[in-house]
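Presented below is the structure to which this report refers.
Because only heavy atoms are used, hydrogens play no part in the values below, and waters and symmetry mates are left out as well, while side chains stay in. From a predicted model like this one, the values you see are computed outputs, not experimental measurements.
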Amino acid sequence: MEILDEMDQSHKKEMQLYNSIFGLLSFEKIGYTEVQFRPYRTDDFITRLYYETPRFTVLNQTWVLKARVNDSERNPNLSCKRTLSFQLILKSKVNSPMECSFLLLKGPYDDVKIHPVIYHFVFTNENNETEYVPLPIIDSVECNKLLAAKNINLRLFIFQIQK
C-alpha cells in the first residue's frame, strides 16, 4: 500500500506540473528558442569548465544562458556524480520590472532526459541574472552524456507575466 501511495503522490505532482505548464501556455507573451551551450574554460590557474550560449533574442529582449558543472566544484573530474546548473541573464535594459517564468527542455534532435521544472524570476536593470538553478537531468549518467557532447542543445521557454 505504501508503494502505491508513493506512486499516487508522484503522479499527483506530475499532473500539477503539467497543469502549471498548460497554464503558462495560456499567457499572452510566450517566447521560445533553441539554445546551444558551448564549452569554455576560465583563465584561472586551475581552469574550470563552464558553458555559455551566444546571445539570443526572446520576447524582444536579449538573453544569455550560462551553465556550470557541479556548481564550480574544485575538481569535478574526480566526482562520479555530476550535475549541471544554469543561469538566465537578461542583457537588455528594461523600463520596468519584467516578471518571467522559464524552463529548459530537450532540443528537437537530442535524446537527453530532462524533467521539466518551472523557474520564476523578476528581472530589473539592477537584478538581471537569476541564481544558478539545477538543470533537472534525471541522473548523472545523462549528465555525463551531455558533457561528452561537443555542444549541449536545449530548448528554452520564457513566459512573461503581465500585470
Side-chain angles (χ1 to χ4, degrees), residues 10 13-14 17-18 20-22 24-25 27 29-94 98-125 127-161:
S10 71
K13 281 184 183 175
E14 200 172 298
L17 172 68
Y18 290 123
S20 298
I21 291 172
F22 289 139
L24 289 172
L25 289 172
F27 281 19
K29 294 195 173 187
I30 301 172
Y32 76 93
T33 188
E34 315 300 323
V35 293
Q36 186 175 65
F37 286 93
R38 296 187 178 133
Y40 295 97
R41 301 238 178 241
T42 61
D43 292 334
D44 301 339
F45 179 69
I46 299 173
T47 61
R48 292 175 199 252
L49 175 67
Y50 71 97
Y51 288 83
E52 193 170 314
T53 64
R55 289 179 180 227
F56 56 90
T57 303
V58 174
L59 299 174
N60 296 324
Q61 305 294 335
T62 305
W63 307 84
V64 167
L65 278 167
K66 289 185 179 183
R68 60 187 185 191
V69 183
N70 288 13
D71 285 326
S72 289
E73 177 183 290
R74 194 135 183 89
N75 291 312
N77 57 323
L78 301 178
S79 171
C80 61
K81 185 170 176 8
R82 295 199 179 100
T83 60
L84 278 169
S85 53
F86 72 97
Q87 175 184 48
L88 180 61
I89 302 167
L90 174 63
K91 291 293 190 177
S92 306
K93 296 289 181 206
V94 288
M98 184 176 175
E99 189 174 354
C100 295
S101 292
F102 59 95
L103 70 141
L104 276 175
L105 298 174
K106 75 181 195 86
Y109 306 111
D110 274 342
D111 62 346
V112 64
K113 295 174 181 75
I114 294 180
H115 291 300
V117 174
I118 301 167
Y119 296 104
H120 187 79
F121 194 76
V122 179
F123 293 94
T124 62
N125 287 331
N127 196 10
N128 64 342
E129 15 184 274
T130 66
E131 297 293 319
Y132 276 92
V133 292
L135 183 62
I137 307 166
I138 62 164
D139 59 18
S140 61
V141 173
E142 286 295 316
C143 186
N144 287 335
K145 281 185 198 174
L146 280 179
L147 294 172
K150 184 178 177 190
N151 295 314
I152 299 173
N153 299 304
L154 298 172
R155 185 172 279 172
L156 171 72
F157 288 86
I158 301 178
F159 307 90
Q160 186 175 350
I161 299 168

Listed partners of Glu52 passing salt bridge (Lys or Arg N to Asp or Glu O under 4.0 Å), at least two apart
none

Among Leu59, Ile30, Val58, exactly one meets side chain to side chain contact (heavy atoms under 4.5 Å, CB included) together with Gln160. Which residue is that?
Leu59

Under the side chain to side chain contact (heavy atoms under 4.5 Å, CB included) test, residues paired with Pro116 that sit two or more places apart:
Leu17, Tyr18, Ile21, Leu103, Leu105

dist Ile152:CD1 -> Leu84:CG (nearest 0.5 Å) comes out at 5.0 Å

Can you list the residues that meet the ring pair (Phe, Tyr, Trp, His ring centres under 6.0 Å) rule with Phe157, with sequence neighbours excluded?
Tyr32

Under a 4.5 Å cut-off applied to non-hydrogen side-chain atoms, are Tyr51 and Asn151 in contact?
no

Rounded to the nearest 0.5 Å, the CZ atom of Phe86 sits from the CZ atom of Arg68 at a distance of 12.5 Å

Can you confirm whether Pro54 sits close enough to Arg38 that some side-chain heavy atom of one is under 4.5 Å from a side-chain heavy atom of the other?
yes

By salt bridge (Lys or Arg N to Asp or Glu O under 4.0 Å), which residues pair with Lys113, not counting sequence neighbours?
Glu142

Nearest 0.5 Å please: distance from the CG atom of Asn144 over to the CG atom of Asp139.
9.0 Å

Start with the C-alpha gap between Val94 and Gln61, add the side-chain angles, then the distance that decides, and say whether side-chain contact (heavy atoms from CB on, under 4.5 Å) holds.
CA-CA 9 Å; Val94 288; Gln61 305 294 335; 3.8 Å; yes

For Lys91, side chain to side chain contact (heavy atoms under 4.5 Å, CB included) partners two or more places apart:
Arg55, Thr62, Val64, Ile89

Under the side-chain hydrogen bond (donor to acceptor under 3.5 Å, both in side chains) rule, collect the residues that match up with His120, sequence neighbours excluded.
Glu99, Ser101

Where is the tightest heavy-atom contact between Ile161 and Cys100, given as atom of each residue plus distance?
CD1-C, 4.4 Å

Working to the nearest 0.5 angstrom, can you tell me the gap between Ser140 OG and Leu146 CG?
11.5 Å

Pair Leu65, Leu154 - check side-chain contact (heavy atoms from CB on, under 4.5 Å), show working.
CA-CA 11 Å; Leu65 278 167; Leu154 298 172; over 6 Å; no

Please report whether the ring centroid of Phe123 lies less than 6.0 Å from that of Trp63.
yes

By side-chain hydrogen bond (donor to acceptor under 3.5 Å, both in side chains), which residues pair with Asn153, not counting sequence neighbours?
Gln36

What pair of heavy atoms forms the shortest contact from Ile118 to Ser20, and how long is it?
CD1-CB, 3.6 Å

Find the distance between CD1 (Ile114) and CG (Leu135) and round it off to the nearest 0.5 Å.
4.5 Å

So CG of Leu88 and CG of Asn128: to nearest 0.5 Å the spacing works out to 10.0 Å

Mind checking salt bridge (Lys or Arg N to Asp or Glu O under 4.0 Å) for Arg155 and listing every partner two or more places apart, or none if nothing turns up?
Glu34

Glu129 versus Phe121: any side-chain heavy-atom pair under 4.5 Å?
no

Return the set of residues passing side chain to side chain contact (heavy atoms under 4.5 Å, CB included) with Val117 (not counting sequence neighbours), or none when no residue passes.
Tyr119, Pro136

